[in-house]
Amino acid sequence: SYFDNGVLFLQKKHWEEHYELNLELFDMAATCALTNGDIVNLELLSNQVIAHGRSYEDKLNVMYFVTCAMAFSSRLPEAIEKGLDILAKLGIELRGHESN
């Protein structure tokens, strides 16, 4: 995709010097990777955002994409668990309480 080409042109310290641009570029490249079913590239791009993201909110899009990829790859239980973990970190608890 064009976004992948943009990633190839990045210089050293690109996350420090152009954070917002990189976040948008990697988000869009990850979106394309998910749409094209390129799970390997999606994970590589997502790992960059997760490693360099300044806030949890900055990482949410790629975490959502990875969760979707898990569900699309017949890893639904793992996708559900990851989704519940993401929601819990946002203060939304959906896990059921066991009764005695």
Side-chain angles (χ1 to χ4, degrees):
S1 76
Y2 290 109
F3 301 110
D4 291 327
N5 287 331
V7 169
L8 292 175
F9 284 106
L10 296 174
Q11 304 292 321
K12 288 184 177 182
K13 296 188 178 186
H14 57 92
W15 280 102
E16 294 85 9
E17 295 173 3
H18 304 286
Y19 178 78
E20 293 297 328
L21 173 65
N22 281 284
L23 186 61
E24 187 73 22
L25 182 61
F26 276 79
D27 261 2
M28 297 305 293
T31 302
C32 288
L34 176 64
T35 303
N36 293 329
D38 187 354
I39 305 306
V40 171
N41 196 28
L42 171 62
E43 289 191 12
L44 291 172
L45 293 162
S46 298
N47 287 341
Q48 284 287 311
V49 175
I50 291 167
H52 297 284
R54 292 181 182 162
S55 70
Y56 193 72
E57 288 76 16
D58 287 350
K59 302 172 189 183
L60 279 176
N61 278 347
V62 295
M63 289 189 292
Y64 169 73
F65 300 149
V66 170
T67 303
C68 288
M70 287 177 186
F72 299 155
S73 301
S74 300
R75 294 165 46 197
L76 191 55
E78 190 177 348
I80 291 170
E81 189 64 31
K82 184 166 185 68
L84 290 172
D85 288 342
I86 291 168
L87 289 172
K89 288 180 182 174
L90 293 171
I92 303 168
E93 190 63 48
L94 296 180
R95 298 177 199 272
H97 297 286
E98 294 182 26
S99 60
N100 293 341

Minimal non-hydrogen separation, [X] against [Y], with atom names:
{"X": "Ala88", "Y": "Glu93", "answer": "CB-OE1, 3.8 Å"}
{"X": "Ala79", "Y": "Thr67", "answer": "O-CG2, 3.3 Å"}
{"X": "Val7", "Y": "Leu25", "answer": "N-CD2, 3.7 Å"}
{"X": "Ala30", "Y": "Leu42", "answer": "O-CD1, 3.6 Å"}

- prompt: When you look at Leu90 and Tyr56, which way does the side chain to side chain contact (heavy atoms under 4.5 Å, CB included) test go after all the steps?
  reply: CA-CA 9 Å; Leu90 293 171; Tyr56 193 72; 3.9 Å; yes
query: CD of Glu16: more than 12 outside heavy atoms within 6.0 angstrom?
result: yes
[X] vs [Y] side-chain heavy atoms within contact, under 4.5 Å:
{"X": "Ile39", "Y": "Phe72", "answer": "no"}
{"X": "Phe3", "Y": "Thr31", "answer": "no"}
{"X": "Lys82", "Y": "Val66", "answer": "yes"}
{"X": "Asp58", "Y": "Val49", "answer": "no"}

Value rounded to 0.5 Å, distance of [atom1] in [X] from [atom2] in [Y]:
{"X": "Glu81", "Y": "Leu76", "atom1": "CD", "atom2": "CG", "value": "11.5 Å"}
{"X": "Cys32", "Y": "Asp27", "atom1": "SG", "atom2": "CG", "value": "11.0 Å"}
{"X": "Asp4", "Y": "Phe9", "atom1": "CG", "atom2": "CZ", "value": "12.0 Å"}
{"X": "Glu24", "Y": "His18", "atom1": "CD", "atom2": "NE2", "value": "15.5 Å"}
{"X": "Leu34", "Y": "Leu45", "atom1": "CG", "atom2": "CG", "value": "11.0 Å"}

If two hydrophobic side chains count as joined below 4.5 Å and joins carry through other members, does [X] share a cluster with [Y]?
{"X": "Tyr19", "Y": "Met63", "result": "yes"}
{"X": "Leu44", "Y": "Met28", "result": "no"}
{"X": "Ile50", "Y": "Leu21", "result": "no"}
{"X": "Leu94", "Y": "Ile80", "result": "yes"}
{"X": "Leu87", "Y": "Met70", "result": "no"}

- prompt: Is Asn41 reaching over with its side chain to a backbone N or O of Ala33, donor-acceptor style, under 3.5 angstrom?
  reply: no
message: Ring-plane angle category for Trp15 and Phe26, please: parallel below 30°, perpendicular beyond 60°, tilted otherwise.
response: tilted
